[in-house]
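Computed from a prediction, not measured in an experiment: that's the story for all the values here. In what follows, chains are A, B, ... by sequence order, proteins preceding strands, each numbered from 1.
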Amino acid sequence: MIFNELSYFLLFLLPSVALFHASPPRFKPWIITSFGAAFFVYYGYLHFGGFWGALCVLLFGWEILISRLYRPGSRWCWFGIVQALVILFAFKYLTFASQSYDDLAGLLHLPPLGPIARWVLPLGVSFFTFEFIHYAADTYRGKTERVTLAEYAAFILFFPTMVAGPIKRIQDFLPKLRRVEFEPALATQGVTRILAGLAKKHVLADTFALWSDQLGTPALYHASRGQIALWILAYGGKIYFDFSGYSDIAIGSGNLFGLRMPENFSWPYASRNINEFWRRWHVSLSSWIRDYVYVPLGGSRGGERRTWLNLMVAFAVSGLWHGAANNFLVWGLWHGGLLVVHRAWSRAGFALPTVLAVPATFLAVTIGWAFFSMELPRALFALARVVGSA
Amino acid sequence: MKDRLVALLEQLGGARPIDLHSRWRAIGLGCWWFALLMLVFAFAGRFSKFVYVDF
């Protein structure tokens, strides 16, 4: 969807790249902004709620206006952070929160709220709200330089990264935008990256999906231990090639503009421990969670137990960010728990040799994919069947 | 050996630049693009949704 549709290349990427390089520097941010808005309206209308999905483009207009009020230490920055959280909660988590409340109310004999239907889910809401929060928080802390309206609009409406990242930082994006020029070598690299990303998605991810999709069917309840283990392993392959392929297309598209985007993956399944895994997997998200959740909570500055708690909270947030459902929360807590165990383990002076550490990390991550890929009861059933207790 | 393999795979994936001063390398890259395009056309259409796009 979107990056593997011909319309992405013919209506958006190729015309915008051509116009971008043909126009004088002062118009370049406006080229990105106009195509970004058109991109959001077009795909919002087609795939994300029709008219109302397209109308959500006004969120960007509002954010651009409010961002003009941001100053270091200003309350407007807090307003910007809160409004981004409200947007994210209202569109993504309201239904989940009301269901969770009703479940709890049933246990405590309280009156339920009743079902709240999900409204539209704006295109890329999980990603663009994180960029809004980053800009407001960094401006509050005086970590950004003065940004013009056109530059900020180009930053949040840069369509190659709008839908699913990589999550950008203004300090990284802006200097490149201000000095951008067409680089044939970078554009060539970008074409390679886009084609490789498409191949990763269609050839590898979709092949792994032939097996991993069985996890969502009734076949799960009749499958053998080996089959379920294979399907969970296949899900690990599918999600890696799917999302790294997606990131390749986004980064390659950015390269065509002459812009270098942040990397998202660096051979994550070769990691020797879970800490290293999170420095190689979805890097732009894990660094965002570190900078805007873990560090503000106190990071590792408040003693060992407080650090453990901060890790668990940060990964619970990361889990829920991936989806408004209990299984994503458990997936986040699983990784938070692994990081706590790894921290305690390594501080006690233990370390596995690489030949054991890489498979052990891979196994721990693969168990986590069971929670990520299935609703909680199914995931627990699948894992129990694999270890032989169901 | 391992580093060279990683470098080669990253070049083929577009994550690392390729020195294209040699004509043969440029031709090789063109063939690689063609091969990737054919693979994409051959396999496209089975599943279309990206995992991370809409949650």
> Nearest 0.5 Å, what's the CZ-NZ distance between B:Phe43 and A:Lys201?
Replying inline: 13.5 Å
> Applying the side chain to side chain contact (heavy atoms under 4.5 Å, CB included) test to A:Leu195, which of B:Trp32, B:Trp33, B:Phe34 qualifies?
Replying inline: B:Trp33
> For A:Ala185, is it the side chain, the backbone, both or neither that has a heavy atom under 4.5 Å from a heavy atom of chain B?
Replying inline: neither
> With a 4.5 angstrom heavy-atom cut-off, which part of A:Tyr235 approaches chain B: side chain, backbone, both or neither?
Replying inline: side chain
>> At a 4.5 Å cut-off on heavy atoms, which part of A:Leu204 comes close to chain B: side chain, backbone, both, or neither?
In response: neither
> By a 4.5 Å heavy-atom criterion (distance strictly below it), what part of B:Leu9 contacts chain A: side chain, backbone, both, or neither?
Replying inline: side chain
>> Quick check for you: among A:Leu186, A:Thr188, A:Val125, which has the greatest number of heavy-atom pairs under 4.5 Å with chain B?
In response: A:Thr188
>> Are more than 12 heavy atoms, taken from residues, nucleotides or ligands other than A:Tyr93, located less than 6.0 Å from that residue's OH atom?
In response: yes
> Do any of residues 250-262 of chain A come closer than 4.5 Å to chain B, heavy atom to heavy atom, and if so which ones, in number order?
Replying inline: none
>> Return the CZ to CZ distance between B:Arg16 and A:Arg193, rounded to the nearest 0.5 Å.
In response: 11.5 Å
> So with a 6.0 Å cut-off around CH2 of A:Trp267, is the heavy-atom count from everything else above 12?
Replying inline: yes
>> Is A:Lys238 close to chain B through its backbone or its side chain, or both, or neither, when contacts mean heavy atoms under 4.5 Å?
In response: side chain
> Within a strict 4.5 Å, meaning less than it, do heavy atoms of the B:Leu29 and A:Thr192 side chains meet?
Replying inline: yes
> Between A:Ala196 and B:Leu12, what is the shortest heavy-atom contact and its length?
Replying inline: CB-O, 4.1 Å
> Which answer fits B:Leu39, side chain, backbone, both or neither, if we ask what part of it has an atom under 4.5 Å from a heavy atom of chain A?
Replying inline: both
> Within a radius of less than 6.0 Å around CZ of A:Arg280, do more than 12 heavy atoms belonging to other residues, nucleotides or ligands occur?
Replying inline: yes
